[in-house]
Amino acid sequence: MARTKRVVRVGNKLLGGDNPILVQTMADIKTSEVERILELDRNLSLLGNDLLRLSILDQADADAFKYLSSHTSTPLIADIHYSYRFAIDAINNGASAIRINPGNIGSLENIRKVCLAAKSKGVPIRIGVNSGSLPKEFASYKSEAKAYVDSLYQSIKVMEQCDFYDLVLSLKSSDPKTTYEAYKLADSSFDYPLHIGVTEAGASYTGALRSAVALVPLLNEGIGNTIRISLTEPPRDEVIAANQLLAAMGLKKNVPTLVSCPTCGRTQVDLFRVYGRISESLAYVKKNIKVAIMGCPVNGPGEAKDADIGLAGGKDCFLVFKKGRIIKTLPEEEAISFLLKEIEAYK
Ligand code: SF4
């Protein structure tokens with residue numbers, strides 16, 4: 001199904017329509033610590049992050065956007081609660097988009113002022129509902145998903161009343177099923193692009209799996225224009241998880257595939273350590289390459305014979321194989337170096 005939502009511009013990226021699905025994450029550093037933010041941004045960009053969201057807690061954070069926006073090409077999204085003034089300052093200081101909750105930003109007059117500032121700079125606004133921000137009046141709904149959508153509709157009307165249509169919508173529940181249903185309903189109700197994700201999904205594989213339960217069917221149905229995999233982990237893990245999800249679904253190219261076996265009694269090497277080293281390096285590679293890290297030579301090269309290159313553990317050494325054919329045997333460190341060089345040379 002085609003993604004047919006309106007298109008908004010977020011800095012140098014287009015969001016919506018049939019444009020690529022953008023990956024985003026949120027910095028875990030105070031925005032006013034500008035050099036640390038820029039270092040984080042550089043690393044996240046190398047990992048394939050498209051949009052970076054930054055919290056505005058105080059005036060120093062709102063002011064920091066001036067320096068930050070002139071030192072990175074990554075579109076920066078300002079996340080503001082309670083203060084319409086910070087929202088206006090962030091916009092005037094170069095934010096590429098802002099995220100507000102119209103319900104906590106103050107009077108209609110103040111929202112109108114934010115919309116005016118955003119309009120004058122061509123800055124889109126994300127509005128959304130999530131588990132923590134559903135107004136009480138919707139609490140009695142039988143369908144939580146419908147409550148989310150009706151609550152969001154209320155916010156959309158406020159923005160449209162202010163003659164503002166450059167919107168991105170989100171409806172994040174911490175429950176994957178509710179998230180899925182809410183976005184399905186929103187997709188058929190509104191024409192605005194959708195930022196999709198499960199909120200408070202948890203850490204590690206728990207968070208990634210809970211996110212995938214909602215996002216995979218949505219993306220398969222053509223729903224979602226930008227994704228965040230919210231994890232109780234550093235932002236880099238969110239970016240890696242989002243790219244892996246999109247690549248596994250065939251929605252993003254130039255993301256390496258790393259296959260590896262679970263290990264078993266036949267394993268005579270520290271496969272977990274080798275896997276860690278290779279996956280860390282591969283996260284920065286932008287190629288359609290398939291790499292295999294297998295625990296033994298009995299099944300390894302055979303099971304991973306479609307891999308472009310791989311390692312299979314032997315007795316305190318590794319067999320290097322290409323397309324299932326063993327080309328050499330090396331000790332661990334040399335095997336890792338050889339593999340990384342081969343990956344670098346791969347075209
Ligand atoms: Fe066990 Fe070898 Fe299969 Fe890995 S590839 S699970 S070590 S048999």
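Order of appearance sets the numbers: ligands from 1, and atoms from 1 within every ligand. Just the heavy atoms: all of them, side chains too, but no hydrogens, waters or symmetry mates, feed the values below.
For atom 4 (Fe) of ligand 1, protein N/O/S neighbours under 2.8 Å (waters excluded) are Cys261 SG.
The salt bridge (Lys or Arg N to Asp or Glu O under 4.0 Å) pairs that include a residue from residues 47-57 are Arg53-Asp79, where partners are two or more places apart or lie in different chains.
Aromatic pair Tyr141/Phe138: ring centres closer than 6.0 Å.
Applying the side-chain contact (heavy atoms from CB on, under 4.5 Å) rule to Lys157 yields the partners Tyr153; only residues at least two apart in sequence or on another chain are considered. For the ring pair (Phe, Tyr, Trp, His ring centres under 6.0 Å) test, no residue two or more places apart in sequence or in another chain qualifies with Tyr165.
Of the charged side-chain nitrogens involved, none lies within less than 4.0 Å of a carboxylate oxygen, so that Lys290 and Asp308 do not count as a salt-bridged pair.
Using a 3.5 Å distance cut-off with no hydrogens or angles, the side chains of Thr72 and Thr74 do pair a donor with an acceptor.
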